[in-house]
Protein chains: 2
Amino acid sequence: MGENALLAGQNAPLEKVTHRSVKDEVAERFATLIASGVLNVGDALPSERELAATMGVSRETIRGALLILSTKGIVSVVQGARTKVVSDDVGGLGLSAFFSGRVTDYALEDVHEGRLMVEERVARLAAQRVDAATISELEKLIDKQTAAMGDPVRFLIADRAFHTTIYQSCGNAVLSDLATTLYSYQLDHRRRAIGATGAIAQSIEDHRVILAALKAGDADALAEGLGIHERRIYDSTRAVLSTSEQKASK
Amino acid sequence: MGENALLAGQNAPLEKVTHRSVKDEVAERFATLIASGVLNVGDALPSERELAATMGVSRETIRGALLILSTKGIVSVVQGARTKVVSDDVGGLGLSAFFSGRVTDYALEDVHEGRLMVEERVARLAAQRVDAATISELEKLIDKQTAAMGDPVRFLIADRAFHTTIYQSCGNAVLSDLATTLYSYQLDHRRRAIGATGAIAQSIEDHRVILAALKAGDADALAEGLGIHERRIYDSTRAVLSTSEQKASK
DNA sequence: CCAACTGGTCCGGTTATTAGACCACTAGAC
DNA sequence: GTCTAGTGGTCTAATAACCGGACCAGTTGG
């Protein structure tokens with residue numbers, strides 16, 4: 001891939017890094033506890049020293065987070081007295097991150113099962129909601145895949161674009177992002193598996209079946225097609241892992 | 001809740017804050033691109049100045065991230081020449097965060113739909129895999145909920161424990177964490193909705209139905225019970241949001 | 001050979017975070 | 001009312017991370 005493709009254009013992989021300070025993250029933790037009712041109005045917080053020890057940050061950082069909250073009228077901080085919750089209106093503060101586990105924190109089987117479930121749902125919605133422009137885009141991506149028969153890397157680029165385009169057409173951002181994340185999990189192993197003889201051809205064939213079902217608006221066929229495809233990917237991923245484990249154990 | 005419960009014990013809400021630097025995050029971004037095949041061995045990266053501009057960080061930060069990668073033998077950095085990928089073995093580097101969107105980034109309808117889907121799957125697995133100890137724990141939590149009839153906060157604490165205990169019993173960490181995250185999304189609104197007359201009683205009744213289905217190992221009844229419960233929550237959450245919007249628009 | 005572009009180094013600055021010490025206030029026990 | 005333990009408040013010194021910019025030295029392609 002030319003380096004310009006990394007920097008700009010549709011689905012450019014490199015984006016701005018948005019970074020939150022530790023203080024901000026601690027403030028959000030408190031806000032989440034208040035929003036969820038774990039802490040409520042009138043409750044006293046543990047002392048700053050205890051919070052610092054428990055959360056593994058400095059007392060200064062805790063104080064900074066509490067300053068954020070007291071500025072918004074959520075907690076009351078008084079010298080000598082315990083800090084207290086005085087309002088449960090945490091509006092304006094982001095709640096804690098949605099789901100911040102690392103991809104590698106989960107077992108392959110769990111991810112596989114999750115992906116099957118999400119993709120089936122995505123498939124059914126996409127079959128109902130896909131438009132002609134998306135169908136056309138997917139056709140072009142199949143052509144790109146065919147052109148990349150002998151080039152696993154270029155194939156995977158088109159593969160990813162193919163899958164994420166379908167995910168996005170389901171019309172539900174939560175499901176689309178979930179599906180994309182679960183898809184991405186297997187990319188590392190996938191790249192090694194795709195080198196096997198006939199693997200690319202098989203994937204392209206699967207993709208043709210998927211696209212045909214989408215064009216027909218056939219939700220059952222689409223869900224089945226994606227399911228078969230995903231199981232094949234799962235099997236080849238396991239084979240790669242098994243080979244790596246055998247090598248690692250020698 | 002006593003503040004000691006925040007600090008220690010089972011399911012203690014306050015945990016250590018693990019914070020990654022911007023440099024670490026950038027290094028992981030590169031590692032993910034390499035693992036996924038977007039970048040492969042032999043590819044030259046964009047220049048440090050271009051990367052800095054695109055990712056919105058300083059050139060120094062980019063250089064630090066590349067130092068991490070060159071130390072691991074993943075990229076080759078040579079004065080005057082373009083930085084190149086020399087290995088795709090990114091083992092040891094965490095891939096980018098699983099799914100780092102904020103809860104509040106998604107439409108309520110999307111989250112609701114996602115939660116319905118995940119909980120149905122979780123329900124079916126839990127019905128098969130739940131053990132006697134978990135059933136006993138859930139019974140105790142129903143008792144706690146009943147005891148909290150006039151206390152919305154205490155009720156929500158037991159409510160949360162009830163749901164997350166079911167999620168954990170499904171045996172799939174991905175699905176369990178997803179379900180927990182989607183559940184948490186509505187907590188802020190839920191707390192306001194739970195104050196409505198009869199809301200707690202209705203929830204407890206729903207929970208009894210859910211527990212009965214779980215005890216019977218009846219996956220269909222469990223999925224249906226959770227679905228009905230979740231739709232009721234969705235409706236009450238929307239009512240709260242609608243009221244808030246009306247107030248905000250005055 | 002040369003110019004343009006690259007990485008390498010350095011500087012001055014800001015911000016964030018840390019650990020610790022000490023001061024002043026609060027609240028509960030007596 | 002007094003006293004003490006525990007609380008928050010302030011300050012210091014230090015380190016780390018990050019930033020923006022300038023300038024030097026090496027590479028590469030024309």
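Lettering of chains follows the sequences in order, A, B, ..., and the numbering in each one begins at 1.
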Side-chain N,O (B:Ser47) to OP1/OP2 (C:dC5) below 4.0 Å: no

B:Thr83 side-chain N/O to C:dG7 phosphate OP1/OP2 under 4.0 Å: yes

Spacing of A:Ile68 atom CD1 and A:Arg63 atom CZ [to the nearest 0.5 Å]: 13.0 Å

Distance in Å, A:Ile62 CD1 paired with A:Ser47 OG, rounded so as to fall on 0.5 Å steps: 9.5 Å

Are [X] and [Y] side-chain neighbours, meaning at least one heavy-atom pair lies under 4.5 Å?
| X | Y | result |
| --- | --- | --- |
| A:Lys84 | A:Asp43 | no |
| B:Leu45 | B:Phe30 | yes |
| A:Leu138 | A:Ile166 | yes |
| B:Asp110 | A:Leu175 | no |

What is the separation between atom [atom1] on [X] and atom [atom2] on [N], rounded to the nearest whole Å?
| X | N | atom1 | atom2 | value |
| --- | --- | --- | --- | --- |
| B:Leu51 | C:dC5 | CG | P | 16 Å |
| B:Glu60 | C:dT15 | CD | P | 18 Å |
| B:Leu67 | C:dT9 | CG | P | 10 Å |
| A:Glu25 | C:dA16 | CD | C1' | 14 Å |

Side chain to side chain donor-acceptor pair (under 3.5 Å), paired with A:Asp159, selected from A:Gln145, A:His207, A:Lys144: A:His207

salt_bridge(B:Glu60, B:Lys23) N-O dist < 4.0 Å: no

Contact summary for B:Gly73 and B:Ser87, nearest pair of heavy atoms: O-CB, 3.3 Å

Position toward the 5' end of DNA chain C (nearest nucleotide), B:Arg59 or A:Val57: B:Arg59

Where chain A begins and ends its contact with DNA chain D, read 5' to 3' at 4.0 Å from heavy atoms: D:dG6 to D:dC11

Proximal nucleotide (of C:dC10, C:dG8, C:dT17) relative to the B:Arg63 side chain: C:dG8

Could you list all N or O pairs between the protein and nucleotides 25-30 of chain C that sit under 3.5 Å apart?
| unit_1 | atom_1 | unit_2 | atom_2 | d |
| --- | --- | --- | --- | --- |
| C:dT26 | O4' | A:Gly80 | O | 3.4 |

Touch class at under 4.0 angstrom, heavy-atom based, for A:Glu48 against every strand present: sugar-phosphate

Contact nearer the 5' end of DNA chain D, comparing B:Arg49 with A:Val77: A:Val77

